[in-house]
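In this text the structure is predicted, and so the values were computed from the model without any measurement. We name chains A, B, ... by the order of the sequence lines, and we start the count at 1 in each one.
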Number of protein chains: 2
Amino acid sequence: MADTGTQTPRERYRAHIRAEIRERAWEQIATAGASALSLNAIAKQMGMSGPALYRYCAGRDELITELVREAYRSLADTFHATAASESGTDPAAPAAALAHALRGWALDDPQRYFLVYGTPVPGYHAPDDVSGIASEIMTTLLDAYAASPPDGPEALRRALTFWTRLHGLLSLELAGHFTGMDVDPALMFAAELDDLPPRRRDPHRGH
Amino acid sequence: MADTGTQTPRERYRAHIRAEIRERAWEQIATAGASALSLNAIAKQMGMSGPALYRYCAGRDELITELVREAYRSLADTFHATAASESGTDPAAPAAALAHALRGWALDDPQRYFLVYGTPVPGYHAPDDVSGIASEIMTTLLDAYAASPPDGPEALRRALTFWTRLHGLLSLELAGHFTGMDVDPALMFAAELDDLPPRRRDPHRGH
DNA sequence: TGCGTTCGTTAGAAGTTATAACGCAACACG
DNA sequence: CGTGTTGCGTTATAACTTCTAACGAACGCA
C-alpha cells in the first residue's frame, strides 16, 4: 500500500521479522491457546534470545492486540470478498453466502475465531481501529439484509439475529460442546440458516 | 452429605481453607479473568505466604478445574430448581423459565459463564464428573421440551436450538459486543425466546 | 504426657515479562 | 571510500509466576 518500493533495507527487515513473529504467534495460539502465548518461546524458535523481540514489539499485550486486529481484518476481508462475489447473483442469497463464509473462516482456525468472539478480558478495551473493523464487518452484514427490504430497523434486527444465532452455534461447535452428543453441527448450521430470514415479513413491530 | 458431623477438627479446618481459596479465586476471576488467576496472590490475600496453598490444592490447573466444576454445578442446580418450581404451572412455559434462569445466572457472574461456555484451551479435557454435570444440564433442558410432545429427536432439536440461540445472544452480550450498537440485549433475548419453539406441528397449543 | 501427622515457613529451581547497558554490525552520508 | 550514527542482538538484572524440598513448630489423638 504505502509505497512498498521506497522502503529502506532496515524497514524491509523489520517488516519481515515482525511478520515472522506474528506467524509463530499464530502457531502457538492454534496449538495452546492465546493465554499460553510466550514471547520467549517465539524468540527461541526464531533463533534469537529473549529480549531481542522487544525491538519489534512493545510487549505481550501489544502483540496479542495486533493478532486480534489481524483476525478482525481477516474476517472483514472475507466478508467483503463474499459480499462482492455474491452481488451479481441471487439477491436473496447474500446472507447465506456470508453465513457459509463465516463458518468456513471459523473452522479454518478456531482459536482465531475465539480471539475475536471468545472470552473477553474484563479490563481490556480494544483500540479504536479494531472496533472500526468490527463495525465494518457489521456493516457488510447489514448491507446484505438492507438489500431486499430497504428498511433500517428491520434489517438491523435480521442482521443481529443472523449474528447471534450463528455465533451461538459456531462457538459451541468450536468449543467441542457437541462432541458425544449425536448431533451434526453442519446440519444444525444448515437448519438455522434455513430458519434465518424471519418469515413473518409483515410489519411485526409490536413487542 | 457424607456425615458432616463426624469431621475431625483438621478436616473441618481444611474444608474452611479450601472454601476461602475458591472464594478469593472467584473474586480474582471476576475482576481480571481466569487467565490472571494467581495462587500467590490468593495466598498473600489470605495472610499466608506462597507455597502454603499447595497443602490445599494440587496446583493452578486443579484449582481452575474445581472452579469449572463449581460453575457447572451451580448452573445445574439453578436449572433443577427452576424446572422443579415450574413443573406445576403452565406446561408450555418450562423452557421459558429455564431461559430466564440461564440469563439471570449468566448476568450474575459473566466470568463464571465464560468458565463454562467460553474459549476452550486446545489441549484441555474436562474430567468425567464435569461432563457428567454438563449432560445433567442438557437433560434438564431436554425434559422441559420432551414434556409436551413425547418425541425424542424433535425434543433434542428444540433443546439444541434453545441452547445455541440463547448462548449466542448471551455470549455476545456478556462480551460487550453490543455496546455502542443501539440494541437492547434484554429485548433481543425476549424476541429470540418468543421465536424459540419452532411452531411446526405443535398439537397442543400454538403461540 | 508423648508421638505422629499436618501445617506454614523459608530456600530454591525453572519459568515468564520486561528493562538496562554494552558491543558490534550495518547503514548513510560527506 | 572512510567515518559516524543508528539500530540490532547480546547478557545481566529485577520482579514476577508456579511448584518442590526440607525444616520447625503446632496440633490432635491415644
Quick check for you: name the first and last nucleotides of DNA chain C, 5' to 3', having an atom under 4.0 Å from a heavy atom of chain B. C:dT5 to C:dA11
With sugar-phosphate taken as primed atoms, P, OP1 and OP2 and all else as base, the protein-contact string of nucleotides 25-30 of chain D at under 4.0 Å (heavy atoms; B, S, -) is --BSS-
Salt bridge (Lys or Arg N to Asp or Glu O under 4.0 Å) contacts touching residues 112-121 of chain B (sequence neighbours left out): B:D108-B:R112
With sequence neighbours left out, what residues match B:P51 under side-chain contact (heavy atoms from CB on, under 4.5 Å)? none
To the nearest angstrom, the CG-P distance between A:L53 and D:dT10 comes to 10 Å
Measure the acute angle between the ring planes of B:F189 and B:H100, then classify it against the limits of 30° and 60° as parallel, tilted or perpendicular. tilted
DNA chain D contacts made by residues 17-31 of chain A, counting heavy atoms under 4.0 Å: none
Pairwise side-chain contact, A:E70 with A:R73, heavy-atom cut-off 4.5 Å (strictly under): no
Atom pair CZ (A:F162) and CG (A:L193), whose distance is rounded to the nearest 0.5 Å: 7.5 Å
For the helix from C:dT1-D:dA30 to C:dG30-D:dC1, measure the angle between the helix axis at one end and the axis at the other, each built from five pairs, rounding to 10°. 10°
Expressed as a whole number of angstroms, how long is the span from B:L37:CG to D:dC16:C1'? 15 Å
Please tabulate, for side-chain N and O atoms in residues 127-134 of chain B, each donor-acceptor pair with protein atoms closer than 3.5 Å (sequence neighbours left out).
{"unit_1": "B:D129", "atom_1": "OD1", "unit_2": "B:R69", "atom_2": "NH1", "d": "3.0"}
{"unit_1": "B:D129", "atom_1": "OD2", "unit_2": "B:R69", "atom_2": "NH1", "d": "2.4"}
{"unit_1": "B:S131", "atom_1": "OG", "unit_2": "B:P127", "atom_2": "O", "d": "3.3"}
{"unit_1": "B:S131", "atom_1": "OG", "unit_2": "B:D128", "atom_2": "O", "d": "3.1"}

Rounded distance (nearest 0.5 Å) linking atom OH of B:Y145 with atom CG of B:L160: 10.5 Å
side-chain hydrogen bond (donor to acceptor under 3.5 Å, both in side chains) partners for B:Y124, two or more places apart: B:T65
Here's a test of your reading of the structure: between B:G59 and B:R55, which maps to the more 5' nucleotide of DNA chain D? B:G59
For B:D61 and D:dC19, give me the distance from atom CG to atom C1', rounded to whole Å. 12 Å
Keeping to residues at least two apart or across chains, list the ring pair (Phe, Tyr, Trp, His ring centres under 6.0 Å) pairs with something in residues 45-86 of chain A. none
In Å and rounded to the nearest 0.5 Å, what is the NE2 to CD1 distance from B:H16 to B:I21? 11.5 Å
What distance do B:E192 atom CD and B:L196 atom CG have between them, rounded to the nearest 0.5 Å? 6.5 Å
Please work out which residues in residues 39-50 of chain B have a non-hydrogen atom less than 4.0 Å from an atom of DNA chain D and list them by number. B:L39, B:N40
Between atom CE of B:M138 and atom CG of B:D143, what is the distance when rounded to the nearest 0.5 Å? 10.5 Å
Taking C-beta and beyond as the side chain, do A:D195 and B:R165 meet within less than 4.5 Å on heavy atoms? yes
In residues 178-188 of chain B, what donor-acceptor pairs under 3.5 Å come from side-chain atoms, sequence neighbours left out?
{"unit_1": "B:T179", "atom_1": "OG1", "unit_2": "B:G176", "atom_2": "O", "d": "2.8"}
{"unit_1": "B:D184", "atom_1": "OD1", "unit_2": "B:A186", "atom_2": "N", "d": "3.0"}

Show which side-chain atoms of residues 36-47 of chain B pair as donor or acceptor with protein atoms under 3.5 Å away, not counting sequence neighbours.
{"unit_1": "B:S38", "atom_1": "OG", "unit_2": "B:N40", "atom_2": "N", "d": "3.4"}
{"unit_1": "B:S38", "atom_1": "OG", "unit_2": "B:A41", "atom_2": "N", "d": "3.0"}

Could you tell me whether B:R60 contacts a base, only the sugar-phosphate backbone, or nothing, with contacts defined as non-hydrogen atoms closer than 4.0 Å? sugar-phosphate
